[in-house]
Each structure stands twice: as structure tokens, then as C-alpha cells.
Amino acid sequence: MDTLLIRLYGQLSAETGSRLYLEAKERFSSPLALCLDFSDVRSLDSIGMSYLEKLGSKAKESDSHLSCFGLSESGIGNAEIAWIQSRIPFYRTEFEAKQALESFIDSEKEIPKAETHAESIVTVDKKPKLGKSRTFCPFCIQELNVLGAGDYSCPNCKGKFHLDSKGWARAYERLV
């Protein structure tokens, strides 16, 4: 499962809400852990609120998890804060929000699923030759020679990923 932290600034209105929803919707094609930082949001209108509601339902449809934090530091009114808290899991700090998403991710790892998502998980040759093996970049699908487990950067697209000892490649950016 990929993770994404979005820091929101200024006014969450029709324009910014639409951009937020469209960006997140593209990423919801595979399960995603999405964390929203509201600490620098100064105002929220009804259309921005409707985009947040759409974002929450899209997350549920795609088996994704959504959390937010920073509402107390924001300039949003109490009625809007209560509305957000009733629809999106709210945490007081960034650390708590990240921990909650990590627990969702960990619980999904314990329950094996029948299907995997090729965009975020790629297998490696199980029989390395002379200490080397081959994998594919999870971003651009270019074949790469690797020396085993560790962090790698694709020379083609500059995407960063981690290759574990079992040969699984995962996007490098994590919430922790």
C-alpha cells in the first residue's frame, strides 16, 4: 500500500478542493494511505467540504485509508471542524495520524489478499546469478540489475524504491 501526506494551505474552496480530489482520485487506483494536514488551512467553504466528502467516499471504494490532523491549529470554524471530524478520522498530531495509518497498513499485511497491485509490488528473480539479481522499477517498469536488499534509485525515471530480502520492490516514500 502506498502512502501519501498532503499539506493543505490557505483556503479550501472549489478550485483547491477540485485539485485535491483529482490528484487523490488518480492515486486511488490502488489502495492508498492518505494523510491530510489541515494546520495551515485558514478557511473552508461548502464546496471544499463537499470535495472532502467525495474524497472520503472514494477512499472507502478503493480500500484506502484516510486520516487528518492539525484542525486545532487551523483557522477553520468550529462547525466545519466538527463536520470534518464526523467524516474523516481525526488525530491531534501528525505522529498520531501516521501511526494510525501504519496500523492499518500493518493489519492488511497480516491478512493475505488474493490480488496484488503490480504498480506497488514487483517480484525479483529468486535465483540471483553471481550475487546479482534483476528487478523492475515500480514506477517506469524498466528492468534493473540489483545486488540484493536495499534502497535503489532508477536511473531512468529517478524513482526511489526499497527492495527487501524476499525480493519485493516498494515505493520508497513512507510515512515513518
Side-chain angles (χ1 to χ4, degrees), residues 1-122 138-140 157-162 168-176:
M1 177 179 285
D2 292 331
T3 56
L4 184 64
L5 171 64
I6 298 178
R7 297 191 190 277
L8 303 169
Y9 297 94
Q11 181 180 6
L12 188 57
S13 61
E15 181 183 340
T16 53
S18 172
R19 240 181 29 222
L20 169 67
Y21 177 73
L22 291 174
E23 288 290 325
K25 184 180 172 184
E26 288 177 17
R27 301 200 185 226
F28 281 143
S29 60
S30 63
L32 175 72
L34 178 63
C35 187
L36 300 173
D37 176 5
F38 281 90
S39 57
D40 291 324
V41 174
R42 296 295 157 235
S43 64
L44 174 69
D45 66 10
S46 60
I47 298 173
M49 291 167 66
S50 69
Y51 277 113
L52 286 175
E53 190 163 16
K54 284 183 183 180
L55 192 65
S57 27
K58 189 68 176 173
K60 287 180 184 175
E61 289 173 14
S62 66
D63 277 344
S64 297
H65 301 286
L66 187 61
S67 70
C68 69
F69 67 95
L71 288 171
S72 58
E73 296 92 28
S74 70
I76 301 173
N78 290 335
E80 288 85 2
I81 289 175
W83 183 89
I84 292 170
Q85 290 175 337
S86 69
R87 285 161 176 80
I88 301 173
F90 166 76
Y91 301 93
R92 295 165 83 207
T93 65
E94 182 176 355
F95 180 74
E96 290 173 357
K98 287 178 181 179
Q99 268 190 325
L101 289 176
E102 289 288 323
S103 69
F104 283 125
I105 292 169
D106 290 342
S107 68
E108 287 196 355
K109 285 180 184 174
E110 293 171 6
I111 303 168
K113 291 196 171 185
E115 65 181 82
T116 58
H117 300 279
E119 295 164 340
S120 60
I121 301 173
V122 180
F139 302 102
C140 69
C157 70
K158 307 293 185 223
K160 295 180 182 178
F161 63 95
H162 177 79
W168 293 92
R170 289 184 174 42
Y172 185 70
E173 288 76 23
R174 299 182 210 164
L175 287 176
V176 178

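- With contacts defined as side-chain heavy-atom distances shorter than 4.5 Å, the pair Glu15/Arg19 qualifies.
- Interatomic distance, CG of Leu52 versus CD1 of Ile88, reported as 5.0 Å (0.5 Å rounding).
- Residues Phe69 and Thr93 are not in side-chain contact: their nearest non-hydrogen atoms beyond the backbone lie 4.5 Å or more apart.
- For residues 75-86, no residue pair satisfies the salt bridge (Lys or Arg N to Asp or Glu O under 4.0 Å) rule, not counting sequence neighbours.
- More than 12 heavy atoms of other residues, nucleotides or ligands shown are found within 6.0 angstrom of CD on Glu96.
- Here the straight-line distance linking atom OG of Ser64 with atom CG of Leu32 works out to 5.0 Å at 0.5 Å rounding.
- Using a 4.5 Å heavy-atom threshold, the side chains of Tyr9 and Val41 count as separate.
- When all heavy atoms of Gly56 and Leu66 are compared, the pair lying nearest together is CA-CD2, 3.8 Å.
- Around atom CD of Glu23, no more than 12 heavy atoms belonging to other residues, nucleotides or ligands sit under 6.0 Å away.
- A donor-acceptor pair under 3.5 Å is formed between the side chain of Ser86 and the backbone N or O of Trp83.
- Expressed to the nearest 0.5 Å, how far OG of Ser46 lies from CD of Glu53 amounts to 11.5 Å.
- Considering all non-hydrogen atoms of both residues, Cys35 and Leu101 come closest at CB-CD1, 3.6 Å.
- For the pair Ile84 and Phe38, the minimum side-chain heavy-atom distance is below 4.5 Å.
- Checked against salt bridge (Lys or Arg N to Asp or Glu O under 4.0 Å), Glu94 has the following partners two or more places apart in sequence or in another chain: Arg7, Lys98.
- Closest heavy-atom contact between Gly48 and Asp45: N-OD1, 2.7 Å.
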| request: Begin from the C-alpha positions of Tyr51 and Leu12 and carry the test side-chain contact (heavy atoms from CB on, under 4.5 Å) through to its verdict. | output: CA-CA 9 Å; Tyr51 277 113; Leu12 188 57; over 6 Å; no

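- Atoms CD1 and CZ, on Ile81 and Phe90 in that order, are 7.5 Å from each other to the nearest 0.5 Å.
- The salt bridge (Lys or Arg N to Asp or Glu O under 4.0 Å) check on Glu61 picks up Lys58, with sequence neighbours excluded.
- Within the 4.5 Å cutoff, side-chain heavy atoms of Met49 are placed close to those of Leu44.
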